[in-house]
Amino acid sequence: MDPTHNTPQKAAGRLASVMQEDRVFPPPLEFSKQAKIGSLEDYQRIYDEAARDPDGFWHARAQSLPWMTPYTKVLDWNPPDAKWFVGGRTNASAACLDQHIAAGRGDKIAIVWVGEPVGERREISYRQLHAEVCQFAAGLSQLGVKAGEVVSIYMPMTPELVIAMLACARIGAVHSVIFGGFSSEAIADRNHDAKAVAVITADGGWRRGAALPLKKNVDEALNKPAIDGPQTVKHVVVLKRTGQPVEMVPGRDVWWHDLVAGMPTDTPPVAMDSEAPLFILYTSGSTGKPKGIKHTTAGYLVWAKTTAEWVFDLREDDLFWCTADCGWITGHTYVTYGPLAAGASILIYEGAPNAPNEGRFWEIIEQEKPTIFYTAPTAIRSFMKWGMQHIQGRDLSSLRLLGTVGEGINPEAWIWYHEVIGGKRCPIVDTWWQTETGGIMMSPLPGCTPTKPGSCTLPLPGVCPEVVDAAGNPVDQGEGGWLVLTQPWPGMLRGIWGDDERFRETYWSRVPGKYLAGDNARQDADGYYWIMGRIDDVLNVAGHRLSTIEIESALVSHPAVAEAAAVGRPHDVKGEAVAVFVTLSSGEPGDALKDALRKHVRQQIGALAVPDDIHFAAVLPKTRSGKIMRRLLRDVAAGRETVGDTTTLEDYTVLAKLRDDD
Ligand code: WT7
């Protein structure tokens, strides 16, 4: 084993060899000249500094937070429990707002917002954002929301979504943002698990010209019979967005504009412990219901801000467009907390990339002139499919840096992104990270890291990856294995909401003492990391994490279904598509039942989980010990294996007999 293999050591020395390889893109010279980290030597020096003295390194970076009480210790590490900046008190909304105003930057634009209906646009300065956050924070306090209580947020991508997050942070309430595409069932589950005391929503939101029934979904969630114990949600705050009719329940529901009317614009931020939860965000795991990933205040903010500055090389005049919805971690860290803590200007677009037509993003870029554009490979593949006619003639010259996140990017899409959107002048940062890591962990630094399409390249300073085998031993360079992180970092998750056991079991038990990311990875001869997909039954559909078990549970809750198995199959735009195999206890196989099952999954989870393919089976192929043979089903779903004569009810047991090896 190469003893240096889990550090990027000698990266600088390797530069020559990297450059000789095919398909290696050196950072554009013009970019490097102006970048804050402009050479691999600089990167190496910072990386080494963080490795040599992590406490000193993070102490220096934490100085940019507004400390109300200084911490007494940088890190308290009892694996898997980390406490960062122990004993300190600060406030996330003060870090994102007050300190910029105090520094005389109150007139700087914080948010440029573009609504889906053409022509709708708002600009909000840091001073205005601060005032609106203060008013809404005061409104929440008036409703009785207290520090430490959970508030669910189920909103369209309007500035008020960011305001709601920051207002919760201001009073120390823990936000739990629920993506607007999730169903009422999913809202009910999350409210219940987190014991949310309030829900912030909107009448609706625009998506491809249609108004989403957000308030109606919240009503349905709150009207469901209590799961166990009484309904915890006491208040619903409703933003008027689309103007569609909604029912307001007296005593429970209040309009946003009524709540903030007359509220003070200078509500003081509450001094929160460094380790006080800032938010929880639900994500799918390989077992059971989605888990509430817990992030805390100070460490998360330091990570969000530092990584935003490193990876996006943020400058005073940047306008940063991260296309993610705040319903996902990318929206938390690189729409809200990272760029705002760094004092940057962000661009938010409410709607779909193809509304009113497939050229919408390029029109927005031409008009708003963002300098940094951060999106997902699935979106890039859609743009490629939609064709050049939507891009030709658009002025994209404001862009200086491009990023991707959510899944590995296939080299064709990378090259297309580089040439067509980046005009060959913009570096591309392929950023690997997870809901659990809080922020980016591996990524090129745009001013210095030569990139290879498809690789997230090297770890950021403070990140110590290792590729190990099932016994936890590092594999040889070039070999595939499980990706683990061997050292704590400030932005790491602090647990699963209400389930310490699951936290330990999921992330820390299979490779004791190390964080198990759940991805397979390989390091190439240059030390670059290549992510090779999940090690568990988690799918990545259009950059969204989905659990096969969740989809299966949704299906078997339908009266016609006896058994179900969900697997992923390759899809040229979404990366993976959902294929399900079901056996029936009643009902007739056919298109009507397929429709009913799709509708059912949409109701149980949300549109993003709706199966692309439904196969009706007589029986599911199982091993002798009764385990469903997923590998076989994946082959069938991908068309790599066929069952010859496919009658209405397919019989996979024939194949199973041939391959009882899963
Ligand atoms: C999983 C995390 C991080 C925000 C969006 C997704 C996959 C993410 C990459 C990348 C290859 C990637 C991994 C990871 N993933 N980024 N650049 N290259 N794979 O967050 O829902 O928590 O999913 O997404 O499998 O574990 P998430």
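As the structure is a computational prediction, the values presented were derived from the model and not from experiment. In listed order, ligands and their atoms are each counted from 1.
Interface atoms of ligand 1 facing Ile531, defined by a heavy-atom separation under 4.0 Å, are 11 (C), 19 (N).
By the criterion of a heavy-atom distance under 4.0 Å, neither the backbone nor the side chain of Ile409 is placed next to ligand 1. Proximity of Thr431 to ligand 1, defined as any heavy-atom pair under 4.0 Å, is confined to the backbone N, CA, C and O atoms. When heavy-atom distances to ligand 1 are checked against a 4.0 Å cut-off, Arg534 comes that close only through its side chain, counted from C-beta outward. When heavy-atom distances to ligand 1 are checked against a 4.0 Å cut-off, Thr330 comes that close only through its side chain, counted from C-beta outward. By the criterion of a heavy-atom distance under 4.0 Å, the backbone of Glu407, and not its side chain, is placed next to ligand 1.
When hydrogens are left out, the protein atom nearest atom 11 (C) of ligand 1 is Gly408 N, 3.0 Å; that is the closest non-hydrogen contact. The shortest contact between atom 6 (C) of ligand 1 and any protein heavy atom is with Gly406 CA, 4.1 Å. What sits closest to atom 13 (C) of ligand 1 on the protein, heavy atoms only, is Asp519 OD2, 3.1 Å.
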Under the criterion side-chain contact (heavy atoms from CB on, under 4.5 Å), I'd like the reasoning laid out for Tyr47 against Cys464: C-alpha separation, chi angles, the key distance, then a yes or no. CA-CA 10 Å; Tyr47 190 92; Cys464 303; 4.1 Å; yes
Please report the C-alpha distance between Tyr529 and Arg522 in whole Å, then the side-chain angles of each, then the deciding distance to 0.1 Å, and finally whether the side-chain contact (heavy atoms from CB on, under 4.5 Å) criterion is met. CA-CA 6 Å; Tyr529 286 86; Arg522 176 177 72 82; over 6 Å; no
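Asp499 has no carboxylate O lying under 4.0 Å from a charged side-chain N of Lys291, or vice versa, which leaves the two without a salt bridge. The pair Asp537-Arg630 counts as a salt bridge, with a side-chain nitrogen and a carboxylate oxygen less than 4.0 angstrom apart. With salt bridges taken as basic N to acidic carboxylate O contacts below 4.0 Å, one links Arg504 and Asp81.
Tested against Asp613 for a salt bridge (charged side-chain N to carboxylate O under 4.0 Å, His left out), the candidates Arg598, Arg634, Arg569 yield a single pass: Arg569.
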